[in-house]
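Input: a single structure, listed below in structure tokens.
As the structure is a computational prediction, the values presented were derived from the model and not from experiment.
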Amino acid sequence: MILPSHDAAARDGQHDTDFRVLLPRYTVAPIRQVGRRLLMALLVMVATVFIVYADRGGYHDNADGSVDFLDAVYYSTVTLSTTGYGDIVPHSDSARLSNILLVTPLRVLFLIILVGTTLEVLTDRTREQWRLTRWRSALRDHTVVVGFGTKGRSAVQTLYAAAGGTVREKQRIVVVDPNPKVVESATAHGYAGVIGDATRSDVLTRAEVQKARQIIVATQRDDTAVLVTLTARQLNRTAKIVAAVREEENAPLLRQSGADAVITSASAAGRLLGLSVLSPSAGTVMEDLIQQGSGLDIVERPVVKAEVGRGVRDTDDLVVSVLRGHRLLGYDDPEASPLKATDRLITIVRARPPAEG
């Protein structure tokens with residue numbers, strides 16, 4: 001039965017407004033970069049203190065006339081960060097020369113380190129915003145996968161393998177999940193991700209679901225799957241929506257919500273278990289067909305020119321069904337032969353390893 005609706009994002013401890021888009025990136029950890037810059041700034045300050053203290057006799061303190069180590073630290077700090085307050089000044093020629101040749105360049109270097117860190121942060125934010133804007137403008141006819149658990153990962157791997165395993169295909173897949181760690185895992189594999197509750201239209205809009213060609217709903221709960229399907233169908237009337245449910249009795253409700261196909265994960269696994277008991281070999285073949293990219297694969301392809309006008313059994317591949325318009329004809333259906341140029345064939349072929357990205 002459908003359980004009472006429960007916000008997925010709330011279950012993960014997130015606020016309703018806490019959602020963002022993550023694009024795959026390959027950079028050094030920012031903490032390491034900031035730490036390196038802080039270390040450089042500290043070294044510059046230590047060098048300045050050493051220079052001032054070594055020539056402390058050439059400086060004059062208006063307070064007591066002498067310069068000790070604390071005064072050297074104070075003078076170095078205010079000199080590097082500002083232009084000084086005039087309470088401690090160099091009065092000898094050597095002190096003034098060291099300020100011109102050493103302290104002033106160190107001050108400039110110190111400011112470059114501080115300003116450079118700020119500019120780098122601003123540049124990274126601007127670059128990330130530019131990447132996000134460009135990604136949104138170029139994204140269309142893509143696949144949105146809601147939920148990146150076991151089902152979602154398997155669906156993504158199947159899509160990726162079926163497309164030849166190219167980087168371009170990865171860029172056409174967007175993962176939506178309320179768990180930040182799950183989305184970070186998706187981006188680490190090269191997929192774009194949106195953190196947020198997919199039952200909300202603004203979250204799906206950030207995934208550009210209104211321009212998607214197909215939507216896969218692989219949530220952990222059936223009630224969430226229904227709400228996601230309703231929201232997605234409202235935003236996109238033409239996309240193909242495939243949803244997974246745990247309980248078979250909830251499948252009709254998902255179809256009424258707008259799903260084009262509904263996969264019952266529990267019953268499918270149960271049938272495979274039963275088949276493996278009755279015929280272990282048949283179970284092995286079915287499991288091989290389910291696993292994309294190894295052994296045998298079941299694929300859909302158009303009819304080639306040489307096959308037009310021929311019978312189903314005369315093709316080079318093992319044809320399971322013929323898709324003619326909106327009708328799915330079995331291989332033994334008399335209407336399936338002869339093949340037409342507009343037909344599409346559901347065939348079983350030997351799997352080919354994915355191409356290198």
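Taking the side chain as every heavy atom from C-beta outward, I51 and L106 approach each other to under 4.5 Å. Side-chain contact check for W135 versus Q171: every heavy-atom pair is 4.5 Å or farther apart. No side-chain heavy atom of D260 sits under 4.5 Å from any side-chain heavy atom of V242. V303 places none of its side-chain heavy atoms less than 4.5 Å from the side chain of K340. The side-chain heavy atoms of V209 and Q234, taken from C-beta on, include no pair separated by under 4.5 Å. Side-chain contact between Y53 and R56 is present, with at least one heavy-atom pair separated by less than 4.5 Å. Side-chain contact between V67 and Y75 is absent, with no heavy atoms from C-beta onward closer than 4.5 Å. Within the 4.5 Å cutoff, side-chain heavy atoms of V49 are placed close to those of F69.
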Problem - Pair D317-T315, side-chain hydrogen bond (donor to acceptor under 3.5 Å, both in side chains): steps then yes or no - result: CA-CA 6 Å; D317 297 331; T315 60; over 6 Å; no
Handout entry: Audit row: R140, E208, side-chain contact (heavy atoms from CB on, under 4.5 Å) steps and yes/no
Key = CA-CA 8 Å; R140 55 180 48 85; E208 300 295 330; over 6 Å; no
Exercise for the section: Begin from the C-alpha positions of Q214 and I216 and carry the test side-chain contact (heavy atoms from CB on, under 4.5 Å) through to its verdict. Expected result: CA-CA 7 Å; Q214 47 204 12; I216 297 176; 5.8 Å; no
Handout entry: Evaluation steps, side-chain contact (heavy atoms from CB on, under 4.5 Å), between R221 and R246
Key = CA-CA 8 Å; R221 295 166 57 101; R246 291 179 177 270; over 6 Å; no
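Residues E307 and L339 approach most closely at O-CB, 3.7 Å, considering heavy atoms. When all heavy atoms are compared, the tightest approach of V176 to A198 is CG1-CB, 3.9 Å. Minimum heavy-atom separation, L101 to P105: O-CG, 3.2 Å. Closest of all the heavy-atom pairs between S76 and V52 is OG-CG2, 3.9 Å. The minimum heavy-atom distance linking D222 with E247 is given by the pair OD2-N, 3.1 Å. The minimum heavy-atom distance linking V262 with A251 is given by the pair CG1-CB, 3.7 Å.
If you take CG on D61 and CG on D68, they are separated by 8.0 Å, rounding to the nearest 0.5 Å. If you take CG on L43 and CE on M40, they are separated by 8.5 Å, rounding to the nearest 0.5 Å. The line from CZ of R213 to NE2 of H142 is 11.0 Å long, rounded to the nearest 0.5 Å. Taken to the nearest 0.5 Å, the OG1 atom of T238 stands 11.0 Å off from the CD atom of Q210. Note: D177 CG to T219 OG1 = 10.0 Å, rounded to the nearest 0.5 Å. Rounding to the nearest 0.5 Å places CG of L254 at 8.5 Å from CG of L230.
Tracing side-chain contacts under 4.5 Å through hydrophobic residues (I, L, V, M, F, W, Y), one never reaches I348 starting from V322; they form parts of separate clusters. When hydrophobic clusters are built by joining Ile, Leu, Val, Met, Phe, Trp and Tyr residues whose side-chain heavy atoms come closer than 4.5 Å, directly or via intermediates, L139 is grouped together with I215. Clustering ILVMFWY residues whenever any of their side-chain heavy atoms sit less than 4.5 angstrom apart, transitively, puts I263 in a cluster other than the one holding L253. Hydrophobic clustering, with ILVMFWY side chains joined whenever heavy atoms are under 4.5 angstrom apart, groups V194 together with L235. At a threshold of 4.5 Å between side-chain heavy atoms, the hydrophobic network of Ile, Leu, Val, Met, Phe, Trp and Tyr places V319 and L323 in two separate groups.
Judged by distance alone, the side chain of N250 and the main-chain N or O of V245 form no donor-acceptor pair under 3.5 Å. Side chain of R233 to main chain of R237: a donor-acceptor pair is present (N/O by atom type, distance under 3.5 Å, no hydrogens or angles). S185 places no side-chain N or O within 3.5 Å of a backbone atom of K181 that could act as its donor or acceptor partner. Side chain of R206 to backbone of G196: no donor-acceptor contact under 3.5 angstrom is found. Remark: the backbone N or O of H189 is paired with a side-chain donor or acceptor of K170 at under 3.5 angstrom.
Heavy-atom contacts from other residues, nucleotides or ligands closer than 6.0 Å to CD of E300 number more than 12.
R327 and D343 are not joined by a salt bridge, as no carboxylate oxygen comes within less than 4.0 angstrom of a charged side-chain nitrogen.
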